[in-house]
Protein chains: 2
Amino acid sequence: MDTKVYIDAIEKELSACCDEFFYAESSVTSAVRYSLLNAGKRIRAVLLFMTAEMCGKDWRKYLRLASAVEMIHCYSLIHDDLPCMDNDDMRRGKPSCHKAFGEATALLAGDALIGIGLETIANDKNISDNARIAAMKAITRAMGPMGMIYGQELDLEYEEKPADKEILNRIHRHKTGRMISLCGTLGCLDSHLTEQQKDALTLFFDNIGLVFQIVDDILDVEGDEAQLGKPVGSDAENNKSTFVTLYGLEQSKKIANDMTEQANNAIVNAFGEKSDSLIQYTAYLLNRRK
Amino acid sequence: MDTKVYIDAIEKELSACCDEFFYAESSVTSAVRYSLLNAGKRIRAVLLFMTAEMCGKDWRKYLRLASAVEMIHCYSLIHDDLPCMDNDDMRRGKPSCHKAFGEATALLAGDALIGIGLETIANDKNISDNARIAAMKAITRAMGPMGMIYGQELDLEYEEKPADKEILNRIHRHKTGRMISLCGTLGCLDSHLTEQQKDALTLFFDNIGLVFQIVDDILDVEGDEAQLGKPVGSDAENNKSTFVTLYGLEQSKKIANDMTEQANNAIVNAFGEKSDSLIQYTAYLLNRRK
């Protein structure tokens, strides 16, 4: 499985969006390009493209939708890194946006990414009008105060007090999970799926979203700083409740394995061999070292 | 002209949106309700409703669109008041959002308002699908990095150096003007206007948006603190370039008067007596003391 073609395409599309939606000479533009481009593993875009392909679609028609998801994800990282939030100086091995451009510009860069993320969808000519409206509903719900923002709020609240398993689950299902599940919802837009296929996709993405977070928690204990581009051990240092602190290292790995297997079984049963790429990709997500 | 019926209706609608789009027990919900409800003159909503009526529509069908505009406006005030931006402790006679709820919650409340503002439009059943897509395009453009955010960026840049007339104009046409012009665009959605009527609406809203800012600058010199709910003289204290510093008080008043007259002439010629309410409202905007 080679994801390079997807990643190259999304990088190119995001750069084109920056040219289209920003004034060239602005400092907000520079801050957005700095944080948005050539950044990260593009997991959300890859999941979206693979879902579209599994549904029998040309993944290239989903480039704008995937760009929108990556922009919203990027905004959430910029705002999350701000001093009043997680106060993180580094992101992906380089200074975080507010460290490089100042707080005010970083705040505006995040705000701008929300606007152009949605503008990208409103202007997406690759999908039907119905799909465009459905996409806007799905993305605003996933990013909003009953989605990701609620997760961020809970996360802040439980920085200062221990979370139990139910709360930890709720935090991650909102903070990370909703935006990952969104990739499933968007990837099957304009497809006519059976109820079994819809249920399988929902289960797959619910599980994969949580596994992603469990692996993050494991890497904060076992990971390599150079590979991760950020310090390890920060959770323990901050007395933060994580899957590792609540379940232990071995049990966390087992949960991640079991949930991945359950996710894969669901889509194999519903989509047959068309699910091959996604299944290979979940192995990568489970075993990633960064 | 009585705007009470519009204002009561928009307050009720915004409260209903808070019930619909937020988890009840969240601190972000409380912060949003604190900043969004029973707040301000609802100038944008009133302009939007009056435009819809001038176009022969039932203004009640535009309640959701007006709610979205008020939410986006409210987000911009919350983020603008943050310490890294204007660092304002007071807003409309009470502590600003971050003073009442802390910076992190205020940041998330602003982010949440963007999301639900756009979600409100994506789910607006009062307008056609085409109008929904057009509304989404218009609002994301107006609020984004080629609209309001660019104005905020310029405004920050010119806090520390003097702006000339051209720059001042550009700041205000983006920072305040785009979101006010948006009310004209949204108010005539689903209407079939002649080219003359479209041009008249554009000119009207371009002028009214700038007049709004000129009157703000005048009130910062001549206004009454108790009525305004904020200190006067802050522009002079901060050596900020304003219409009053660049044109003088009397000339600023003359410009505001002339631009209002030009705006009114345009819509009288294009819409006849249906423009009566908007014209009365511009007199209120010109002579407001808060």
Side-chain angles (χ1 to χ4, degrees), chain A residues 18 20-23 26-29 32 72 75-76 79-80 82-86 98 102-123 129-130 132-150 152-154 156-157 174, chain B residues 18 20-23 26-29 32 72 75-76 79-80 82-86 98 102-123 129-130 132-150 152-154 156-157 174:
Chain A
C18 287
E20 187 176 334
F21 294 118
F22 288 89
Y23 288 130
S26 123
S27 59
V28 169
T29 312
V32 165
I72 301 298
Y75 120 72
S76 75
H79 280 188
D80 233 20
L82 284 170
C84 71
M85 300 283 287
D86 291 352
H98 66 276
E103 275 186 61
T105 300
L107 175 68
L108 290 177
D111 292 345
L113 279 162
I114 309 180
I116 64 157
L118 273 297
E119 191 171 3
T120 299
I121 296 183
N123 288 286
D129 284 1
N130 276 345
R132 253 192 277 183
I133 291 172
M136 292 189 290
K137 286 184 193 179
I139 199 166
T140 51
R141 177 52 58 112
M143 69 192 255
M146 294 171 99
M148 182 175 68
I149 286 176
Y150 181 63
Q152 288 170 310
E153 179 183 347
L154 279 180
L156 284 171
E157 188 184 336
H174 284 85
Chain B
C18 288
E20 187 176 334
F21 294 118
F22 287 89
Y23 288 130
S26 123
S27 59
V28 169
T29 312
V32 165
I72 301 298
Y75 120 72
S76 74
H79 281 189
D80 232 20
L82 284 170
C84 71
M85 299 284 289
D86 290 353
H98 66 276
E103 273 186 62
T105 301
L107 176 68
L108 290 177
D111 292 346
L113 279 162
I114 310 180
I116 64 158
L118 298 173
E119 191 171 3
T120 299
I121 294 182
N123 287 284
D129 284 1
N130 275 344
R132 254 191 278 182
I133 291 171
M136 212 66 176
K137 288 184 192 178
I139 198 165
T140 50
R141 178 52 57 113
M143 68 190 257
M146 295 172 98
M148 181 175 69
I149 287 176
Y150 181 64
Q152 289 171 310
E153 179 183 345
L154 279 180
L156 284 171
E157 188 184 335
H174 284 85

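With a 4.5 Å cut-off on non-hydrogen atoms, A/R141 touches chain B through its backbone and its side chain both. For chain B, the nearby part of A/L107 is the side chain; its heavy atoms alone come within less than 4.5 Å. Using a 4.5 Å cut-off between heavy atoms, B/I72 does not touch chain A at all. Using a 4.5 Å cut-off between heavy atoms, A/Y150 touches chain B through its side chain atoms alone. With a 4.5 angstrom heavy-atom cutoff, A/M143 touches chain B only via side-chain atoms.
In this structure, the separation between CG on B/L82 and CD on A/E103 is 9.0 Å, given to the nearest 0.5 Å. Distance CD1/B/I114 to OG1/A/T140: 12.5 Å, rounded to 0.5 Å. A distance of 10.0 Å separates NE2 in A/H79 from CD1 in A/I149, rounded to the nearest 0.5 Å. Summarising the geometry, atom CG belonging to A/L113 is positioned 11.0 Å from atom CG belonging to A/L108; distances are rounded to the nearest 0.5 Å.
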B/R132/B/D129 under side chain to side chain contact (heavy atoms under 4.5 Å, CB included): CA gap, chis, key distance, verdict: CA-CA 5 Å; B/R132 254 191 278 182; B/D129 284 1; 3.0 Å; yes
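With hydrogens and angles ignored, the 3.5 Å screen pairs a side-chain donor or acceptor of B/E153 with a backbone N or O of A/V28.
Interface remark: of the candidates A/P83, A/C84, A/G115, A/C84 forms the most heavy-atom pairs closer than 4.5 Å to chain B. Put simply, of B/A112, B/G147, B/G102, the one with the most heavy-atom pairs under 4.5 Å next to chain A is B/A112. Ranked by heavy-atom pairs shorter than 4.5 Å toward chain A, the options B/G144, B/P145, B/A122 are led by B/P145.
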